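Let me begin by presenting the structure, written as structure tokens, before commenting on it.
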Amino acid sequence: MAVYFDHRVEAPDSSGAAVLISWHSSVCVLAVGSVYASTGGCVDLYLQQGEHVELCHVERGFSPSLLQWHPTKALLAVGWETGETMLLSHPSGEHTPLPNNTHTACITVLEWSSNGNRLVTGDQAGVMAVWRVDARGKLQASPLIKHDYSKPLTCCIFRPPPPAEDVAMLAHAAVSGDESALDMFNWKKSNKGGFAWDHRKDWHSTSVQLMVRGSVYSVDEQVRSVPLLSVESAVQKMWYSKRRAVLAVVTDSLLLSHFSLGPEGIAQEISKVKLSGRGGQHADIVWTENGLLITASGEQHIRLWDVELDDHYALTLDESLGFEKGELLNCVSFCTSKLLAAGTSRGRVALWHMVTVSDQKGDTKIHWKLQTPAEVEGNISELQWGSSSHLLAVCSSSCVVILSEHVMCSHYTQQMAAVQLTPTQLSLANFNTNTHITFHTDTHIRAVQVTKDMVTVWNGKYITVYEPSGQTLHSTGSFQCESPALAVHEENIYTVEPNRVQIRTPQGTVKQLLVFSEAEGNPTLLSVCGSYLAVGTDTCHIRVFDLTCREAKAMGVMKNLSELIPDLGALRSVKCNASGNQLSILITQVKKKKDKKLYLNLRTRCEGELAARCSVSQFWDENESRLFVCETVPVNSDLHSSSQSQIEKDVLVVTFFVTQEHGLLLQDSQPKPAMLLSLLTLDIPYYYYICKVPSSPQMVVRRALRDFVGLESCEKQTRDAMLNFSFYLTIGDMDEAFKAIKLIKSEAVWENMARMCVKSRRLDVARVCLGNMGNARAARALRDAEKEPEVEAQVAVLATQLGMLEDAERLYKSCGRFDLLNKFYQAAGQWQQAVETAETHDRIHLRTTYYSYAKHLEAMGDKNLALVYFEKSDTHRFEVQRMLMEDNLSLEIYINKMKDEDLYKWWGHYLESQSDMEAALHYYDLAQDYLSQVRVRCYLGNIQKASEIANETGNRAASYHVARQYEGQDEISQSVHFYTRAQAYNNAIRLCKENNLDEQLMNLALLSNPEDMMDTAMYYEEKGTHMDRAVMLYHKAGHVSKALELAFATEQFGALQLIAEDLNENSDPALLARCSDFFIKHAQYQKAVELLVAAKKYHEALQLCLDQSLSITEDLAESLTVSKDSSHLSEAGRKELLEKIADCCMRQGNYHLATKKYTQAGNKIKAMRALLKSGDTEKIVFFAGVSRQKEIYVMAANYLQSLDWRNDAEIMKNIIGFYTKGRALDLLAGFYEACAEVEIDDYQNYEKAYGALTEACKCLTKAKGRSGDEADSKLLILTQRFGLVKRFIQARRIQSVRVCESLLEEKDLDPAVRVGDVYGFLVEHYCHHGNFQQAWTKIEELRSTRPNINLSLYVSQTSLEALQNAAGVRLVYRETNTHAAEDDEEVEEDENINH
């Protein structure tokens, strides 16, 4: 919390009313322009506390019109109403006038460039001049530019300079030859923004924009004035947004326009919007860099327009903070520290602090927090923030006041607390005597220190000491001191001067000097805790002094924190503990950024609660050296300036135990109470807080520490014991913890420790505490809670027993035990929370919760709401009747409204009990309770109506009741009928037996259960009639043996067949054999086989199939197959049976089934033979592949050779593969030889035939050692054929006639090479060379050798025709017909395969 000191400027007596104010941007100097009452005016300069700079006073016989400070130098440009312009230097007071002939009208424009080397002046007559200012602040004799617009100039701005890095990049680009970059360095061309920029001349603003009565001009240093734009009315304000690169213009009518500046000085309008509020010359408009436009126009609110978000809103005053109704806001000013100031018509300065808040979605919103106003005299006309955000100049109708922001000071020691309320008011509290004093001083309070005997106040220049006197204070001494730090211990006052600390008496006498070397720096921070003084310097050195002796003595060695902490900028706070052996430090980093870490004993510690938090204040207990507390906020909180109020949410007060042995131990962490401002200090057993409301009579309140709740007034021994107990509990030393409290007898202390156990979750300690308290109920509840798996749930039980209901609720929620939370709410009477919890998280107990709540409401007398929750719990069908039993009318209305069948039935029973039968029948009808209807009808003697109801509805209970009624009246047929409809068949059977109704008895027995069937069958058997029915009933009842016995005895063959269908392997074998013999005798062999199989007589069944030529189906074969683990047959017998089944299948032509059974018997050879007979090529190939036996491979390959392997490459591949796997190389060679013959005979492809013969030779060569002489002879023959084929191929390749002639002389040529192919080659060759005579000779030789040969098979048609034409002879030859030849070749192939 901050207060504002008001410093009224010390104006000379001759000065008039202030009309102009202007702060320097970096130096704390305020320029004030005043106007005399008669004529003339003056300009004065003042320091930050209002001190007048006497040398800087300028008077003229006319009024000042404009003030403008140089951006860096203490140089003020002053414009007067006559056109005179001068430069006033601070602090020398030297002033330099501009040439008199430059301006002759009132100065309206004064603007410095961003680096201060240019000054633009303009007047009411429209004359504009640009002046050059050198590094010493001197003007050139003549202006660089002078231009006359002949219209009043109202505003001027410079376009901001480009960033330095952009200039460097531009220079690099220019050197590289970039023409656009070169153009930007040339004054003769303008850049893309429409402005020219000369880096060489240091003209850092690319152009000047001038306002000339609704028109905007752009001017460069080449005296080129380009009109940019024009608006409808006079322009009041103009800005250039560097971030958005747009020009913003606001007119007198509050019309806001945005323009983008294009090439050649062309401005294009982007947007135009009419602002709310009253326009005119009196409107004060402020533009912020983040795109916020703020206007004050003499209304009761100020208006804000967010240009980027296109959002607008208004800020108003709050009367509860001290503002008056109808107060008007005249002017505004915004500073970079996010403070908005507004001056009112009644002398108040309203201050808003801008806070940016982020929601859960990450969206940010701006909130403005209004603070308590500062007050001055008169109507405020102008506000301006100074170079420091703590300074605000206020110009009113009566004076100029400088408001200096100051953080509210406070101090606590020895049960005395002092808190500043206003700049001159203190709130003092003595907690020993419980008294409070509000004290006013004569000066501003910048620091305050209190002890039990005196109050020390410092105003920045003087220290005043006050001592209490009753209910007031009186001054006992005052002395001059400009110490920036102040501390008090007993009767000593500690102040600082360069390189030393002064120890003074209350009268100001220096008793002792604590000297610091130049390297150690100047003391800036003083802090006293107990009898120890901690000192921090501006060079980040720290030292602790012992104050227990007469003179202060230094402890330890001076520490230089810069060597221990990286990036250390400055010290923010230095504190020591009550023993002087522990230090805590808060620092600022190099970039003026607050370090989030807390340093203790020069070591960084961030544990638990401090891991992501930043400490903002710190305190040690004055009496307990181990106890330390700090106030923390999240790291990302806005702590950039002291003007901001304390962060109100997410503030945690964290308490630690600090020792040399155990370091930093977290003792407690709790949020700061909502209605309190900040932590003042820690003094066991209390935290001391400062209140938020300044008008409160008691500004300091105290809250007990967690461990001392209920023990605030205990004696010191108990307090020390509790503190030791808490410390040992924190470090986990339970033995020492119990030793610390073993002598305590107070139940309140033990109860408080039990409460501590809820926070620390130490249930073992809690049991001891409950035992010492004698709280048996809580101890029993805690023992019962041990069955819960969650520790939080057990602790919640403890908290409940101790009355800590909020903690119990929080614990149940944290562990997710919403069932227990539901019970907790119910026990606490919080039924709405219980219902909500059940509906959202504990739905398994939802109906129970509704029911319990309904019972509670019933007990409370709220029956209407109880009805609702009984219905929700689905218990209304019995609970509502009970609840409303005494109010029959309400109950009947409720039942009729609900239209529930159960309720109708209940109400019908009730009416029946009241003998109201007609009404009961009505409600039974509504409930569709047919039994009750029938019962009442029978009671009334209307059995006929009861029978109709039973027949129409088919209700079994109603039918049974009617049947009993008819039986009682000896109407047997009707009774049997209704017993049947009621499915009470045993009663119907009983009546039939008793009354000899045998025809109905059979049907009823079949509908009934097996016991009734057996009973009925025995009835028929005893009577000796209807034996077929007896057999059937015995069969249906499951007594098959009895049924067969009776069927055989009575020779009921039809019944035997039906019974046999239900026989299976679980039936009696003897019975099965007997039945099978019966079926064999009657030539029903298929049924006999099935029974023999069921009786496990497999061989007899198989023999019967063979004898009677019964077809063995796959199902029969499977039933004949015995499983491997069967005990009826051995493995050998099982395989024998399988082979017999397969043999039978072979005889019947069922080859696939035979294959399956042979395979199951393990005889794969027979299985393969059966499969070969089936001709199923796909299965043959598959079976051969999975069998992996040589014989089977060979059998499969032999079979495949019988197929059309010539035209199916897959079959040929399988043949070769199977012969190879079966190691039948001689057969494989024969196959290759057959392939060669096919290639020669069918395709005359001797090359492929040659390849096949090559493979055949390889196979025979491998098989040579296995087959002996036979393989040798085959190989010899094959080699000869191989050689002949090779010679013929070579002859055709080289066109050798001689080789062919020699081949024809070979005796065994034809098996290898067809003679026709050789002659055909010779004929083709001779015809090709035109030697038709030789060709004819060869044809004649071929004919003589093979008289019936078909020439067209060996000689092409073209050659034959050419030969006929040449010889003149008609050759007779047949068309190609090779079927006979092919048949012969197939026979030969079969013979080869058989070999």
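The figures here come from the full heavy-atom set of this structure, side chains too, leaving out hydrogens, waters and symmetry mates. Keep in mind it's a predicted model, so treat the numbers as computed, not measured.
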(message) Checking the side chain of Gln512 only, and the main-chain atoms of Ala552 only, is there a donor and an acceptor separated by less than 3.5 Å?
(response) yes

(message) Would you say that His406 contacts Ile445 through its side chain, given a criterion of any heavy-atom pair below 4.5 Å between the two side chains?
(response) no

(message) If you define the side chain from C-beta out and look only at heavy atoms, does anything of Tyr689 sit under 4.5 Å from Val653?
(response) yes

(request) Compute whether any side-chain donor of one residue and acceptor of the other, for Asp453 and Thr451, lie under 3.5 angstrom apart. (result) no

(message) Between Phe479 and Thr464, is the side chain to side chain contact (heavy atoms under 4.5 Å, CB included) condition met? List the steps.
(response) CA-CA 7 Å; Phe479 56 91; Thr464 305; over 6 Å; no

(request) Give a yes or no on whether the ring-centroid distance for His353 and His367 is below 6.0 angstrom. (result) no

(message) Could you go through Leu568 and Gln589, starting from their C-alpha distance and side-chain angles, then the distance that decides it, and tell me whether this counts as side chain to side chain contact (heavy atoms under 4.5 Å, CB included)?
(response) CA-CA 5 Å; Leu568 175 60; Gln589 294 177 337; over 6 Å; no

(message) Asn581 vs Ser579, test: side-chain hydrogen bond (donor to acceptor under 3.5 Å, both in side chains). Steps then yes/no.
(response) CA-CA 5 Å; Asn581 59 355; Ser579 299; 4.5 Å; no

(message) Within the 4.5 Å heavy-atom criterion, are Asp44 and Val53 side-chain neighbours or not?
(response) no

(message) Strictly below 4.0 Å, N to O, side chains only: are Glu327 and Arg348 in salt-bridge contact?
(response) yes

(message) Is it the case that the side chain of Thr422 and the backbone of Gln425 share a donor-acceptor pair, with hydrogens and angles ignored and the cut-off at 3.5 Å?
(response) yes

(request) Return yes if a side-chain donor-acceptor contact under 3.5 Å exists between Glu622 and Gln414, otherwise no. (result) no

(request) I would like to know whether Thr441 and Thr443 meet side-chain hydrogen bond (donor to acceptor under 3.5 Å, both in side chains); could you show each step before the answer? (result) CA-CA 6 Å; Thr441 64; Thr443 60; 4.6 Å; no

(request) Check the pair His24 / Ser26 against side chain to side chain contact (heavy atoms under 4.5 Å, CB included), numbers first and verdict last. (result) CA-CA 6 Å; His24 193 280; Ser26 58; 3.2 Å; yes

(request) Evaluate whether atom OH of Tyr462 has more than 12 neighbouring non-hydrogen atoms of other residues, nucleotides or ligands under 6.0 angstrom away. (result) no

(message) Do Thr632 and Val651 have side chains that approach each other closer than 4.5 Å (heavy atoms only, starting at C-beta)?
(response) no

(request) Answer whether the closest heavy-atom distance between the side chains of Val9 and Ile402 falls below 4.5 Å. (result) yes

(message) With a sphere of 6.0 Å drawn around CG of Asn434, does it hold more than 12 non-hydrogen atoms of other residues, nucleotides or ligands?
(response) no

(message) Side chains of Gln618 and Ser615 only: does a donor on one sit below 3.5 Å from an acceptor on the other?
(response) no

(request) Apply the test side-chain hydrogen bond (donor to acceptor under 3.5 Å, both in side chains) to residues Trp620 and Ser625: give CA-CA distance (whole Å), side-chain angles for both, the deciding distance (0.1 Å), then the verdict. (result) CA-CA 7 Å; Trp620 291 89; Ser625 61; over 6 Å; no

(message) Quick one, Val355 and Trp368 - any side-chain contact, counting heavy atoms below 4.5 Å?
(response) no

(message) Could you check whether any side-chain heavy atom of Gln420 comes within less than 4.5 Å of a side-chain heavy atom of Val448, counting everything from C-beta outward?
(response) no

(request) Report yes or no: does Asn577 contribute a side-chain atom to a donor-acceptor pair with the main-chain N or O of Gln582 at less than 3.5 Å? (result) yes

(message) Quick check: closest heavy atoms across Cys395 and Ala18, and the distance to 0.1 Å?
(response) SG-O, 3.6 Å

(message) For the residue pair Glu631 / Ser617, report whether a side-chain donor-acceptor contact shorter than 3.5 Å exists.
(response) yes

(request) Sequence neighbours left out, what passes ring pair (Phe, Tyr, Trp, His ring centres under 6.0 Å) with Tyr46? Give chain and number order. (result) His52

(message) Quick test of your reading of the model: are Lys511 and Glu551 salt-bridged, counting only N-O distances below 4.0 Å?
(response) no

(message) If I compare all heavy atoms of Phe516 with all of Gly521, which pair ends up nearest, and what's the gap?
(response) CB-O, 3.6 Å

(request) Report yes if some heavy atom in the side chain of Ser669 is under 4.5 Å from a heavy atom in the side chain of Thr655; otherwise report no. (result) no

(message) Can you see whether Thr495 engages Arg504 through a side-chain donor-acceptor pair at a distance of less than 3.5 angstrom?
(response) yes

(message) On a heavy-atom basis, which atom in His436 and which in Thr438 lie closest, and how many Å separate them?
(response) CE1-OG1, 3.2 Å

(message) For Gly378 versus Ser396, what's the shortest heavy-atom pair and its separation?
(response) C-CB, 4.2 Å

(message) Less than 6.0 angstrom from the centroid, inside 45 degrees of the normal: does Arg702 satisfy that with respect to the ring of Tyr687?
(response) no

(request) Using the ring-ring contact (aromatic ring centres under 6.0 Å, His included) rule, take Tyr466 and Phe439 through it: C-alpha gap first, then chi angles, then the decisive distance, then the call. (result) CA-CA 10 Å; Tyr466 298 90; Phe439 176 65; 4.7 Å; yes

(request) Provide the closest heavy-atom pair for Cys529 versus Asp621 in the form atom of the first, atom of the second, distance. (result) SG-O, 3.7 Å

(message) Quick check against the 3.5 Å criterion: does Arg572 have a side-chain atom that pairs as donor or acceptor with the backbone of Ile587?
(response) yes

(message) Whether the Thr548 and Asp546 side chains hold a donor-acceptor pair (N or O, under 3.5 Å, no angle test) is what I'd like checked.
(response) yes

(request) Might you work through the side-chain hydrogen bond (donor to acceptor under 3.5 Å, both in side chains) test for Asp668 and Gln670, ending with a clear yes or no? (result) CA-CA 7 Å; Asp668 188 20; Gln670 57 179 276; 3.1 Å; yes

(message) To the closest 0.5 Å, what do you measure between CZ (Arg626) and CZ (Phe656)?
(response) 16.0 Å

(request) With rounding to the nearest 0.5 Å, note down the distance linking CD in Gln371 to CG in Leu340. (result) 11.0 Å

(request) Run the salt-bridge test on Glu375 and Arg346 with the 4.0 Å N-O cut-off and return the result as yes or no. (result) no

(request) For residues Thr524 and Thr537, report the shortest heavy-atom separation together with the two atoms involved. (result) OG1-C, 3.7 Å

(message) Can you confirm whether the side chains of Gln449 and His411 place a donor and an acceptor under 3.5 Å from each other?
(response) yes

(request) State which residues pass ring pair (Phe, Tyr, Trp, His ring centres under 6.0 Å) with Tyr412; sequence neighbours excluded, sorted by chain then number. (result) Tyr688

